[in-house]
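Worksheet for the structure shown next.
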2 protein chains.
Amino acid sequence: MHAAARFADYLSRKRLKMTRERRVILEQVLAARGHFGVDDLQEILRKAGHTVSRASLYRTLPHLVESGLVHKLEMAKGQARYEPMVGRHHHDHMVCLECGKIIEFESREIERLQDRVCRRKRFSMTGHTHQIRGYCDGCAGRRGPRAGGPDPQAHRV
Amino acid sequence: MHAAARFADYLSRKRLKMTRERRVILEQVLAARGHFGVDDLQEILRKAGHTVSRASLYRTLPHLVESGLVHKLEMAKGQARYEPMVGRHHHDHMVCLECGKIIEFESREIERLQDRVCRRKRFSMTGHTHQIRGYCDGCAGRRGPRAGGPDPQAHRV
DNA sequence: ACAGATACTGCAACTCAGTCTCAATTATCG
DNA sequence: CGATAATTGAGACTGAGTTGCAGTATCTGT
Ligand SMILES: [Mn+2]
Ligand SMILES: [Mn+2]
Ligand SMILES: [Zn+2]
Ligand SMILES: [Zn+2]
């Protein structure tokens, strides 16, 4: 099913309207490659000759997420980022604390173990976030192998 | 090494001072069981007969985290929560979207696979967040097995 | 014990992502 | 078409977290 049709279907099932704003947001979001924030998206739209208010972006993105066309990444501190999910499958992310680069990874084994631990705890999972923080190849070298810094996750007492 | 001594050590190495406020914060944080937010902590302190400003809490908690005595949970939306980590080992969390309950889990296997995927991507991990959202045993029942709701992580296009 | 240097505190002002209110506009459907 | 209900942009607002400042406390010698 075509993405636009899928969104139209989602909207009509919810008695929502397919407006010009929603159409152009969908179009630009699907064209985007990589991960973007709300302000990035507004800039993308502006360059494409469209004007959509921040309020409408904040209102529309949750619909795109709920319809499954877009995935939301909850970053620490609250700068949410989004990525189109059309024709892609689930993955998780590594975030470089130096340059901000986002690296995608996927592991069937981790997902399977995750299901297993949910079953063991009688927990009904609807979603998850598995985010790894650290330094990418390029940035790790530039910092030296023993850089004591933020994110002291590994401490033991 | 005793937790208080450990914190004192951390402070002196950083040329920071052990103030009355920091002492009482440490004391109450270590006594806390479970996960708490900044306002919870201020209330705990107040009940213990101490007054510490929100600003000082926000200034001190990062030190406790960096010294490894406390762990910070980055929840969606930015209501950070903390938990004492003295004498405990690393674990991750499930969060019930209905009642807010936080369930802890640990999996050596997932951690191992996580290290492996970092190696494969040449990523130098300093920390991670693995958070599972869904419904706990009690809440899942009360909602019925097929409750279409938020967090539509599982969609495919 | 003392004094100087430096860090810390509370307060209130501020930031910033995200939400909400409202009046004007627009999609939808019979 | 015309009624009805949803949507929009603007700007006010919220709430977690941060910051500048002036007064205060701790620390490091001596
Ligand atoms: Mn991605
Ligand atoms: Mn925990
Ligand atoms: Zn990097
Ligand atoms: Zn629950």
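Hydrogens, waters and symmetry mates are skipped; everything else that's a heavy atom, side chains included, is used. Convention: sequence-line order gives letters A, B, ...; per-chain numbering from 1.
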Problem set entry | Partner residues of His93(B) under the ring-ring contact (aromatic ring centres under 6.0 Å, His included) criterion, sequence neighbours left out | His35(B), His91(B)
For this session: Give a yes-or-no answer on whether the side chains of Arg22(B) and Ser56(B) include a donor-acceptor pair shorter than 3.5 Å.
Result: no
Exercise. Counting side-chain heavy atoms from C-beta on, which of dT9(C), dC20(C), dG18(C) comes nearest to Arg59(A)?
Worked result: dC20(C)
Exercise. OP1 or OP2 of dG18(C) sitting under 4.0 Å from any side-chain N/O of Tyr58(A)?
Worked result: yes
Problem set entry | Euclidean distance, Tyr10(A) OH relative to Leu69(A) CG, rounded to 0.5 Å | 10.0 Å
Exercise. What integer distance in Å separates Ile25(B):CD1 from dC8(C):P?
Worked result: 12 Å
Exercise. How many Å lie between CD on Gln79(B) and P on dT19(C), as a whole number?
Worked result: 12 Å
Seminar exercise, completed: In whole angstroms, the gap separating P of dA27(C) from CZ of Arg22(A) amounts to 11 Å
Seminar exercise, completed: When Leu16(A) and Pro62(B) are each assigned the nearest nucleotide of DNA chain D, the 5'-most assignment goes to Leu16(A)
For this session: Identify whether the distance between the nearest side-chain nitrogen and carboxylate oxygen of Arg112(B) and Glu109(B) falls below 4.0 Å.
Result: no
Exercise. To 10°, what angle do the rotation axes through the five end pairs on each side of the helix from dA1(C)-dT30(D) to dG30(C)-dC1(D) form?
Worked result: 40°
Exercise. With respect to the phosphate group of dG10(C), does any side-chain polar atom (N or O) of Ser56(B) fall under 4.0 Å of OP1 or OP2?
Worked result: yes
Exercise. Are Asp40(B) and Arg81(B) ion-paired here, with the side-chain N under 4.0 Å from a carboxylate O?
Worked result: yes
For this session: Verify whether one side chain among Ser107(B) and Arg116(A) offers a donor that lies under 3.5 Å from an acceptor in the other.
Result: no
Exercise. With a non-hydrogen cut-off below 4.0 angstrom, is Arg15(A) in contact with a base, only sugar-phosphate, or nothing?
Worked result: sugar-phosphate
Problem set entry | Rounded interatomic separation in angstrom, taking CD from Gln42(A) and C1' from dC16(C) | 15 Å
For this session: Answer yes or no: is there an ion pair linking Lys72(B) with Glu83(B), defined by an N-O contact shorter than 4.0 Å?
Result: no
Problem set entry | Distance in angstrom units between Arg20(A) CZ and dA27(C) P, rounded | 8 Å
For this session: Give Ser12(A) one of three labels, base, sugar-phosphate or nothing, depending on what nucleic acid heavy atoms sit under 4.0 Å from its own.
Result: nothing
Exercise. Do His90(B) and His130(B) have ring centres separated by under 6.0 Å?
Worked result: no
Exercise. Does Lys14(B) place a side-chain N or O at less than 4.0 Å from the phosphate oxygens OP1/OP2 of dA7(C)?
Worked result: no
Problem set entry | Euclidean distance, Ile103(B) CD1 relative to Asp92(B) CG, rounded to 0.5 Å | 13.5 Å
Problem set entry | Ring centres under 6.0 angstrom apart (His63(B), Phe7(B)) | no
Exercise. Could you give the CZ-to-C1' distance, from Arg23(B) to dA7(C), as a whole number of Å?
Worked result: 15 Å
Exercise. First and last nucleotide of DNA chain D touching chain A, 5' to 3', heavy-atom cut-off 4.0 Å?
Worked result: dA5(D) to dT18(D)
Exercise. Which residue lies toward the 5' end of DNA chain C, Ser53(B) or Met18(A), if each is placed at its nearest nucleotide?
Worked result: Ser53(B)
Seminar exercise, completed: Here the distance between atom C1' of dA17(C) and atom CZ of Arg54(A), to the nearest Å, is 7 Å
